[in-house]
Visitor: 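Below: one structure in structure tokens.
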There are 2 protein chains.
Amino acid sequence: MARIEADLEDLSTRARIRDAALRHFGEHGFGGASIRGIAEAAGVSSGLVRHHFGSKLALREACDDYLIKTVRRINDEARTDTMLADVNPVAAAQAALGPYQRYLARALTEGWAAPLFDEMARLSEEWLEEVDKARPDPPFASRKARATVATAMSLAVPILHQHISRGLGVDLASPEGAHLLAMTLLDIHSHPMVTPEAAAAMREGLEKLRDKSL
Amino acid sequence: MARIEADLEDLSTRARIRDAALRHFGEHGFGGASIRGIAEAAGVSSGLVRHHFGSKLALREACDDYLIKTVRRINDEARTDTMLADVNPVAAAQAALGPYQRYLARALTEGWAAPLFDEMARLSEEWLEEVDKARPDPPFASRKARATVATAMSLAVPILHQHISRGLGVDLASPEGAHLLAMTLLDIHSHPMVTPEAAAAMREGLEKLRDKSL
DNA sequence: ACGGTTACTACACGATCGTATAATTTAAGG
DNA sequence: CCTTAAATTATACGATCGTGTAGTAACCGT
């Protein structure tokens, strides 16, 4: 019983522990993080962590559940609140994901959180459906394939956050960094790296290579 | 003294340990991997690992050094051997990086290996210099910024290898997977996600947003 | 053949890990 | 007020961690 808040989600001790876990898992990875460290960060005893979540693995799964719920919420909000999202979706996503970026990166690279990626790819696919309407030529690959790869490429930004920051010379979390990144992404996404002619040639070469090897 | 092989690098026990470490660090992360596990995988005692590398951290640094050397070698080879690299650079890089992909992913996401990323970004910048010659309009962002972000986006493929494989329905390591990925990347890179007009509008919006916030 | 450097193993130490259990405090309901 | 359940802590256990030390086996120049 108890917990009248139901799906309002808790602002309680349990939530504090989960937030600390998200931060710790993000910073040290699953193997590197420790229950005791999480407990200390949350200001509780290590036994209480176990009492609320059962085990380290179950705690991670609770983090995953919370994060996937957050991603969905962010996506919904981005649809209604068009203003900021249209102008600087990068900054918007970054602000919304906020302290969970590092956890997201860990989750994806350490192998768990497959549903999380799939959900994001699904959202990308929906978005691609709109974009495809304005496209004259037939795509080389299925929409799902393009959505999957595009999702992965987008995720490179939060995953390699610090490396990009170092390369740009400013922290991506700062307003200047977000702006510079948005400009750079805009330039990249509005200028094909490969010309249509070169693409056709490469495509032909690829097909030949494939026929030969089969 | 000893070690006549010099920079030929060793095929010896030391190399076996390092390879096992690359695999273990890649699979379990730095925190999750254990000296004993690495030693067992290499078929030696755990003491020998320490004897050759001193500490866990030094072992990781040795892995980094080896990997950065490998990346440089691959890049050089790709310049001379144009055949495969031009047709399917994705498959080429994948085949060359081979078993080190997971380590690379860990190294980049766990925060170490900054020199590795910077080296790759530098190589990207050199490559961009060639591409820029055929470009009519001035870029929105500096070459280094574009090279950095493009490098990050390219790295998303090995980093999110398993998620992309799941999304495509085939293992990226298989010939079919490599082909499908190459096709998808070709489509993405030859079709701007944003039209020039939309890009100009977004850019203007971005600048305004920036002026307002400063 | 032999002395010395190096490769390699066995083992022990202290720390820390995840987990388990029992005790204690807090909160709530009748 | 008293009972009962939940929240929270304290403490302990066994395993495993990285590291240190001492000892053995192999190799090599002379």
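First the proteins, then the strands, lettered A, B, ... as listed; each starts at 1.
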Visitor: Heavy atoms from C-beta onward define the side chain here; which of dT19(D), dC8(C), dT8(D) lies closest to that of S45(B)?
Guide: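 Comparing dT19(D), dC8(C), dT8(D) against the side chain of S45(B), the answer is dC8(C).
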Visitor: Go through the steps for R72(B) and K69(B) under the test side chain to side chain contact (heavy atoms under 4.5 Å, CB included), then give the verdict.
Guide: CA-CA 5 Å; R72(B) 283 215 188 88; K69(B) 215 181 289 184; 5.6 Å; no
Visitor: Measure CZ/R16(B) against C1'/dA7(C) and give the value in whole Å, please.
Guide: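 Rounding to the nearest Å, CZ of R16(B) and C1' of dA7(C) are 12 Å apart.
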Visitor: If you restrict it to nitrogen or oxygen atoms, what contacts under 3.5 Å exist between nucleotides 20-25 of chain C and the protein, and what is each distance?
Guide:
{"residue": "dA20(C)", "atom": "OP2", "partner": "R50(A)", "partner atom": "NH1", "Å": "2.6"}
{"residue": "dA20(C)", "atom": "OP2", "partner": "R50(A)", "partner atom": "NH2", "Å": "2.4"}

Visitor: Could you tell me how far apart K56(A) (NZ) and dG18(C) (P) are, to the nearest whole angstrom?
Guide: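 The distance from NZ of K56(A) to P of dG18(C) comes to 4 Å, rounded to the nearest Å.
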Visitor: Near DNA chain D, which residues from residues 25-40 of chain B have a heavy atom under 4.0 Å away?
Guide: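 Going residue by residue through residues 25-40 of chain B, the ones with a heavy atom under 4.0 Å of DNA chain D turn out to be A33(B), S34(B), I35(B), R36(B).
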Visitor: How many Å lie between CZ on F53(A) and P on dT19(C), as a whole number?
Guide: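 Between P of dT19(C) and CZ of F53(A): 14 Å.
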Visitor: Okay, side chain of R203(A), backbone of L186(B): is any donor-acceptor separation there less than 3.5 Å?
Guide: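 Such a contact is absent between R203(A) side chain and L186(B) backbone.
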Visitor: Does NZ or CZ of R60(B) lie under 6.0 Å from the centre of the six-membered ring of F53(B), at an angle within 45° of the ring axis?
Guide: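 Geometry flag: not set, cation outside 6.0 Å or 45°.
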Visitor: Can you check whether P192(A) reaches H191(B) side chain to side chain, under 4.5 Å on heavy atoms?
Guide: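 Result no, sub-4.5 Å side-chain heavy-atom pair not found.
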Visitor: In whole Å, I'd like the distance from the NE2 atom of H51(A) to the P atom of dT19(C).
Guide: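 That distance rounds to 16 Å.
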Visitor: Mind calculating the distance between CG (L57(A)) and C1' (dT19(C)) to the nearest angstrom?
Guide: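 Atom CG in L57(A) sits about 13 Å away from atom C1' in dT19(C).
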Visitor: If you define the side chain from C-beta out and look only at heavy atoms, does anything of R166(B) sit under 4.5 Å from F117(A)?
Guide: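 Yes; the side chains approach each other to less than 4.5 Å.
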Visitor: Is any side-chain N or O of H52(B) closer than 4.0 Å to OP1 or OP2 of dC8(C)?
Guide: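 The answer is yes; a side-chain N or O of H52(B) sits under 4.0 Å from OP1 or OP2.
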Visitor: Can you find a pair of side-chain heavy atoms, one from R106(A) and one from E27(A), that are under 4.5 Å apart?
Guide: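 R106(A) vs E27(A): side chains apart.
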Visitor: Do T148(A) and T184(B) touch side chain to side chain, with heavy atoms closer than 4.5 Å?
Guide: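 Sidechains of T184(B) and T148(A): no contact.
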Visitor: Quick check: does any side chain N or O of H51(A) sit under 3.5 Å from a backbone N or O of G47(A), one acting as donor and the other as acceptor?
Guide: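 Absent.
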